[in-house]
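Starting from 1, each residue takes its place in the sequence as its number. The figures here come from the full heavy-atom set of this structure, side chains too, leaving out hydrogens, waters and symmetry mates.
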Amino acid sequence: MTSVLMYSHDTVGLGHARRNRALAYALARELPELTGEPVGGLLIAGSPNAARDPLPEGWDWFILPGITHGPKGHTPRHLDAPMDVVRQLRSLAVSAAAATLEPDLFIVDRHPWGIDYELEDALHKARARGSATILGLRDILDEPGKAAAEWTQLGDVSRIAEAFDEVWLYGDPEVHDARTSGELPEILAAKARATGYLSHGRPADQGAPGKKPYILTLMGGGSDGHELATAAIRAAMPAGHEHLVITGPQMPSQDVRSLQAEARSNGNVRVERSAPNVPELIADAAAVLSMCGYNTATEILASSTPALIVPRTARRKEQLVRAEALGRAGAVDVLHPDRLTPAVLSGWLAFAVSRRVRRDHIDLDGLHTIAPLAASLLKHRSADRLSTKELSHVC
């Protein structure tokens, strides 16, 4: 049995957990054929909303007490306790999970040490037991200066390189290559493998289909999507088209209520917090209005649906850089949020619904790449463990 442990911190949105979930389905589907063993595992996440999504048979969620961004840094999302207490609780929980599961494969999403170094103990002990360790990174971290500053804050980057066998970049280097953009320190860039976007083969969940033809508006997790949703609801829909707005489960309740009130004045608009079958909704839509988080972008790329991307530009420039890169690749249209108005959206929609978009020039097969990468690592680590045992016996 091949055991897999995955970690995501989930302070904002659900992108990290959703990315790991897609990997879990890909590994469950393809790794057994390569290793000759069944595979199962545990997904550590920091939001209870993550556990609403099903996992493959033999996998489960392990939800940590939540944290989020506050005025002075990380702060507990719900628990009435000091941040250092929550951090210690999370760290002990992760270490216990890793020690009990003894994973063959340990995949960490985005933050090598977790939040406030909560992963450090678990990672070092997993390495000592012979686990293969991977740092998984989205296609774009941030503008190079900001990304470099974040690596510097983590201290000696060589310690990070020592903690991981490989770095997986979930993107197409022909669209954007973090290894050469200045977003990755050289020592990590040397370990980085570009997988392609995690687009084709994402888990498909059953849900009610959209009422065709329809326009779909997406905000990802939704914590900062109110402005786009409001403008979209006020935009004029092309004749005969319904409008489905998915706010995301982390949009504040008062914002959702205001959108629902706005929608009631327009009979062809339906506002939902979430939907179980977003990739299918995207594929069947006449056009999509969306922010540019990684998972939503990859789901759009897997379709031929025209998309107008309105990226987040506050706090970090990740979405803006991604949107501009995909725009240059001819995959999406891009609207800077400073130019966002209902009239602009109306004009784009009127043109967009009569066309489809080809995106097959982009590498979208990352979910079919990771199983061979994982199998190679597992074989290598297994050989290392065997050599160590043989050497110990001879000595």
Side-chain angles (χ1 to χ4, degrees), residues 175 197 199-200 202 204 207-220 222 225-248 259-260 262-293 295-312 319 322-362 364:
V175 176
Y197 286 99
S199 293
H200 292 153
R202 293 182 77 88
K211 185 178 179 181
K212 295 182 184 180
Y214 63 92
I215 306 301
L216 180 64
T217 297
L218 299 167
M219 271 66 65
H226 185 257
E227 185 177 359
L228 171 58
T230 301
I233 290 173
R234 293 174 180 175
M237 293 295 106
H241 287 72
E242 301 287 322
H243 187 192
L244 176 59
V245 178
I246 309 295
T247 67
L259 293 176
Q260 291 170 336
E262 188 89 38
R264 280 193 289 272
S265 64
N266 189 336
N268 67 345
V269 180
R270 180 160 56 100
V271 177
E272 302 286 351
R273 265 197 174 276
S274 62
N277 57 333
V278 171
E280 292 78 11
L281 288 172
I282 291 171
D284 290 343
V288 172
L289 305 171
S290 177
M291 296 180 71
C292 204
N295 291 285
T296 304
T298 57
E299 290 164 350
I300 289 170
L301 291 176
S303 76
S304 62
T305 305
L308 180 63
I309 301 299
V310 185
R312 173 196 299 135
Q319 290 200 12
R322 178 178 298 113
E324 290 176 342
L326 292 175
R328 288 192 297 271
V332 300
D333 296 323
V334 181
L335 177 67
H336 194 281
D338 289 347
R339 297 182 54 236
L340 175 63
T341 67
V344 170
L345 298 184
S346 301
W348 180 85
L349 287 168
F351 161 71
V353 295
S354 62
R355 65 187 177 104
R356 301 305 279 180
V357 179
R358 292 194 63 176
R359 300 178 173 115
D360 52 5
H361 59 293
I362 298 174
L364 306 176

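Tested against Ser199, the residues Asn295, Ile362, Thr298 include a single side chain to side chain contact (heavy atoms under 4.5 Å, CB included) partner, Thr298.
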Requested in this report: Might you work through the side chain to side chain contact (heavy atoms under 4.5 Å, CB included) test for Ile300 and Arg359, ending with a clear yes or no?
Outcome: CA-CA 10 Å; Ile300 289 170; Arg359 300 178 173 115; 3.9 Å; yes

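Taking a cutoff of 4.0 Å between a charged side-chain nitrogen and a carboxylate oxygen, Arg270 and Glu272 qualify as a salt bridge. Electrostatic pairing of Asp333 and Arg328 does not count as a salt bridge here, judged by no charged N lying under 4.0 Å from a carboxylate O.
From Met219, atom CE reaches atom OG1 of Thr296 across 9.5 Å, with rounding to the nearest 0.5 Å. Put simply, CG on Leu289 and CG on Leu228 are 6.5 Å apart, with the number rounded to the nearest 0.5 Å. We find the CG-CG distance between Leu281 and Leu244 to be 6.0 Å, quoted to the nearest 0.5 Å. Between atom CD1 of residue Ile233 and atom CD of residue Gln260 there is a gap of 9.0 Å, rounded to the nearest 0.5 Å. With rounding to the nearest 0.5 angstrom, the CD1 atom of Ile282 is 5.0 Å from the CG atom of Leu218. Distance CD/Gln319 to CD1/Ile309: 9.0 Å, rounded to 0.5 Å.
Checked by atom type and distance alone, the side chain of Arg322 pairs as donor or acceptor with a backbone atom of Cys292 at under 3.5 Å. His361 places a side-chain N or O within 3.5 Å of a backbone atom of Ala329 that can act as its donor or acceptor partner. Looking only at distances, no side-chain donor or acceptor of Arg312 sits under 3.5 Å from a matching main-chain atom of Pro337.
The minimum heavy-atom distance between Met237 and Glu242, with the atom names listed, is SD-O, 4.4 Å. Taking both residues in full, the closest heavy atoms of His241 and Asn268 are given as O-ND2, 3.2 Å, listed atom of the first, atom of the second, then distance. In this structure, Ala236 and Ser346 approach most closely via the heavy-atom pair N-OG, 2.8 Å. Contact record, Ala287 with Ala352: CB-CB, 4.2 Å, taken as the closest heavy-atom pair. Scanning all heavy atoms of the two residues, the minimum distance from Pro238 to Val353 falls at CG-CG1, 3.8 Å. In terms of heavy-atom proximity, Asp284 sits nearest to Tyr214 at CB-OH, 3.3 Å.
Put simply, the side chain of Leu308 does not reach to within 4.5 Å of the side chain of Val288, judged on heavy atoms. Trp348 places a side-chain heavy atom less than 4.5 Å from the side chain of Pro306. Side-chain contact between Ser290 and Val310 is absent, with no heavy-atom pair separated by less than 4.5 Å. Between Leu326 and Leu301 the shortest side-chain heavy-atom distance falls below 4.5 Å. Residues Leu349 and Ile215 meet the side-chain proximity criterion, which asks for heavy atoms closer than 4.5 Å.
A donor-acceptor pair shorter than 3.5 Å can be found between the side chains of Arg356 and Thr305.
Under the side chain to side chain donor-acceptor pair (under 3.5 Å) criterion, His200 pairs with Asp365, not counting sequence neighbours.
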